[in-house]
Amino acid sequence: MVNMAKLSEHKTDLVRLAAVALALCLSWLKAWKAFLPFDAIALAATLIGGYPMFEEAFEGIKKRRMTMEISMSIAVAATLAIGQFFTALIITFFVLFAELLEDLTVSRGRDVIKKLLELLPSQVIVRRNGQENEMHVNDLALRDIVIVRPGARIPVDGVVLKGRSSVNQASITGESFPVEKTEGHKVLAGTINQTGVLEIQTAAVGQDTTFGKIISIIGQAEKNRAPIQKVADKLAASLVYFAFGGAIVTYALTHNIVSAISALVVAGACGVAAGTPLAILASIGRTAKEGIITKGGIHFEQLARIDTVVLDKTGTLTFGTPEVTDIESFNGLKKEDILQLAASVEQHSEHPLAEAILKKQKDSGLCLLPYSNLEYLPGQGLVCRVNGSEILVGNTSFMDKKFIKGQTKVIEYIDRRKNSTETTVFVAKNQEIIGAISFADVIRVEARQAIEDLKGFGCQVILLTGDNWAIAKKIGETLQLDKIFAEMLPQQKLEKIRELMQEGKKVAMIGDGINDAPALMEATVGIAMGSGTDVALESAGVTLTTNNLMKIVEALKISRQCLRVIMFNFWGTVVVDAAGMIFAFLGYLTPLFAALIHVSSELAFILNSARLFRKNKDKPPLAG
Ligand code: ADP
Ligand code: MG
């Protein structure tokens, strides 16, 4: 656990510890006692060893902040005052020792995050004007062509121009299944090129890469403190007051200064002060490795308290890559014409349905027509002018809103498809519905398992979709969801989240981050699915770098473990301090023994937090 490079960073602390240890050894050699001025040595070693503690105590007093250093300094001073130099020395030794171990564990936690950054290679091979040269990644220009050999990490975000390889994206997604990459595919900095040579056109470097953004978010996360950290700090401060109070009462009632010092030393142990941030740091680091990016301790703590999980449908519960299954024409127009009109309207839309329409249009070899005056109503559809006509593409409520009536054929069509699980959008031209396009989207393979697990955590699982009721019901049955709400506009989704929260629910909203951004921001915790898209990273407190629903389960699990550890430390500290106080009062504790209890309990709680770095090594493989 202790590594040498780390130790040298703490050199002065080590020297102090050694000085104290030496003095301790000397004092044990009773035979020398006659020749050595033992008390003077113990006093000197206590002062040298305790210096940082006295200094911090002084700082605390100046800032009027009650700290453990104050109570311990006073205990040491009192012990010296009653002439127990050896005891003072041992207390100092324990405090120093605990401090050093604590520093090492915490800095090891920070290292996990720092090491992530070091993953990016600094030297890259670039081809400019037909010449291949090695240069520093910072000297790269956008659109430079970078050559990445097998086994090397990809240094930039970009697009593959040439080559074929499998790439391990675990550093971003937490999933170690290699992904096939070839011409035209996007690749991300920090991922590992495994099998072939890739020529990549640079799109982003360093801080601007997805990887860079993720790291800066994690780096910031520690500063974004969880409310529970404030509780921990308060608890630590109260325990110090408690220690003083106990010591005073003990002295007042027993007139035994040694018992009073023991009381002061044993209580006010504050493993919680260091243990709490450490637990959160460890857990944020661990979730990051799984591809779960948390923006701060606060979101992480809220995650642990979630009791309601709200899921969006398209792109969240489903793969979000629907395919056009059917095109219907109502008034004699060719299906191709309907497709072409719809595609022209959708040509700049990012909605999954738009992408499906555009794919179909491309596959059918149709060209796109220019459009003007485009208006987009999220969750409903679009309207614009194409070739002088007003064209609408959207769902029934959009058609209603625009006062567009369908003839009997349309009503029959809707009736016929009442029980279908396919999504339908209508195409209208000059106030008349001329066609319909149907889509099939597939439910994610892991959805069932994820929902079962979430329910196992005691969460209520709710579907919130803009799509129609028939589809929502079908999905609700298949996945055994607790509740479904369909035909919801983005604004209504937002209101539903608000409603749930007003009922006192702690709501996690999971969406794709594109048109669910308002709901994501409103929920107790917004979780964005979306392979590291920028919008998602901005609007949600938690972002999944993969679209794997099991990561939500994982995130909940880790955050709950973290909170459990913190709460255990809280109660453990209170119990140990209170019990120690009682023993001290009854005169069963010497200051020496009190110091031993103080330090070992503190270390136990810190190590309990540090355990979170390692948990879950044997987790089951996640569905991809
Ligand atoms: P979900 O809640 O399932 O993610 P959205 O809120 O994104 O769904 O959209 C709800 C409905 O609004 C869609 O099923 C579709 O009928 C309509 N819609 C939204 N955007 C578009 C678009 N770009 N083109 C056509 N229809 C759209
Ligand atoms: Mg959606």
Side-chain angles (χ1 to χ4, degrees), residues 310-325 327 338-339 341-361 371 374-384 386 391-402 404 414 417 420-428 433 435-444 447 462-476 479 481 484-497 509-520 527-530 535-536 547 549:
V310 178
L311 296 146
D312 169 52
K313 181 181 74 83
T314 315
T316 304
L317 270 184
T318 67
F319 280 101
T321 44
E323 283 186 22
V324 173
T325 49
I327 300 174
I338 289 170
L339 179 61
L341 281 173
S344 304
V345 173
E346 300 273 14
Q347 59 186 298
H348 290 118
S349 167
E350 283 191 328
H351 200 273
L353 295 181
E355 278 168 25
I357 292 176
L358 289 164
K359 182 168 176 286
K360 184 79 182 172
Q361 161 260 328
Y371 66 85
L374 183 98
E375 185 195 354
Y376 171 44
L377 284 131
Q380 299 186 61
L382 312 104
V383 51
C384 64
V386 180
I391 308 291
L392 284 86
V393 182
N395 54 19
T396 43
S397 67
F398 187 52
M399 297 297 150
D400 286 347
K401 190 170 179 170
K402 296 285 176 184
I404 291 170
I414 294 175
R417 300 183 55 89
S420 159
T421 57
E422 293 186 349
T423 303
T424 302
V425 300
F426 293 92
V427 183
I433 294 182
I437 303 176
S438 300
F439 308 82
D441 195 358
V442 181
I443 296 179
R444 289 185 194 281
I462 299 175
L463 171 68
L464 213 55
T465 177
D467 216 334
N468 67 44
W469 277 100
I471 295 172
K473 275 188 188 138
K474 176 85 185 171
I475 290 186
L479 297 177
L481 297 165
I484 50 170
F485 297 98
E487 294 173 28
M488 295 235 140
L489 299 176
Q491 182 60 29
Q492 292 170 316
K493 288 186 183 177
L494 181 75
E495 276 155 19
K496 194 88 228 161
I497 300 276
M509 165 78 202
I510 298 140
D512 53 21
I514 297 174
N515 59 14
D516 297 322
L520 287 178
I527 303 180
M529 304 262 285
V535 206
N547 286 324
L549 290 167

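Note that ligands are numbered from 1 as they come in the structure, with each ligand's atoms numbered from 1 the same way.
Interface atoms of ligand 1 facing Leu382, defined by a heavy-atom separation under 4.0 Å, are 22 (C), 23 (N), 24 (N). Below 4.0 Å from some heavy atom of Asn395 lie the following atoms of ligand 1, by number and element: 11 (C), 12 (O), 16 (O), 17 (C). Counting the atoms of ligand 1 from 1 in the order shown, those under 4.0 Å from a heavy atom of Ser349 are 23 (N).
Residue Thr314 touches ligand 1 through backbone and side chain together, judged by heavy-atom distances below 4.0 Å. Heavy atoms of Asp312 found under 4.0 angstrom from ligand 1 belong exclusively to the side chain. If you look at Leu489 next to ligand 1, there are no close heavy atoms at all, none under 4.0 Å.
A salt bridge links Asp312 to Lys493: one of the charged nitrogens lies within less than 4.0 Å of a carboxylate oxygen.
By the 4.5 Å heavy-atom criterion applied to side chains, Asn395 and Asn468 are not counted as neighbours. Here the side chains of Lys360 and Ile437 are not in contact, with every heavy-atom distance at 4.5 Å or above. Taking 4.5 Å as the limit, some side-chain heavy atom of Val345 sits within range of a side-chain heavy atom of Val386.
Residues Ala528 and Leu520 approach most closely at CB-CD1, 4.1 Å, considering heavy atoms.
Exactly one residue among Leu494, Ile484, Val310, Ile510 makes a side chain to side chain contact (heavy atoms under 4.5 Å, CB included) with Leu464. That residue is Val310.
Taking only non-hydrogen atoms, the option from Met488, Lys493, Lys313 nearest to atom 2 (O) of ligand 1 is Lys493.
Between Gly466 and ligand 1, at least one pair of N/O atoms sits closer than 3.5 Å. Residue contacts with ligand 1: Val425 is placed with no nitrogen or oxygen under 3.5 Å of a nitrogen or oxygen of the ligand (distance criterion only).
Side-chain polar atoms of Ser397 and Glu487 form no donor-acceptor pair below 3.5 angstrom.
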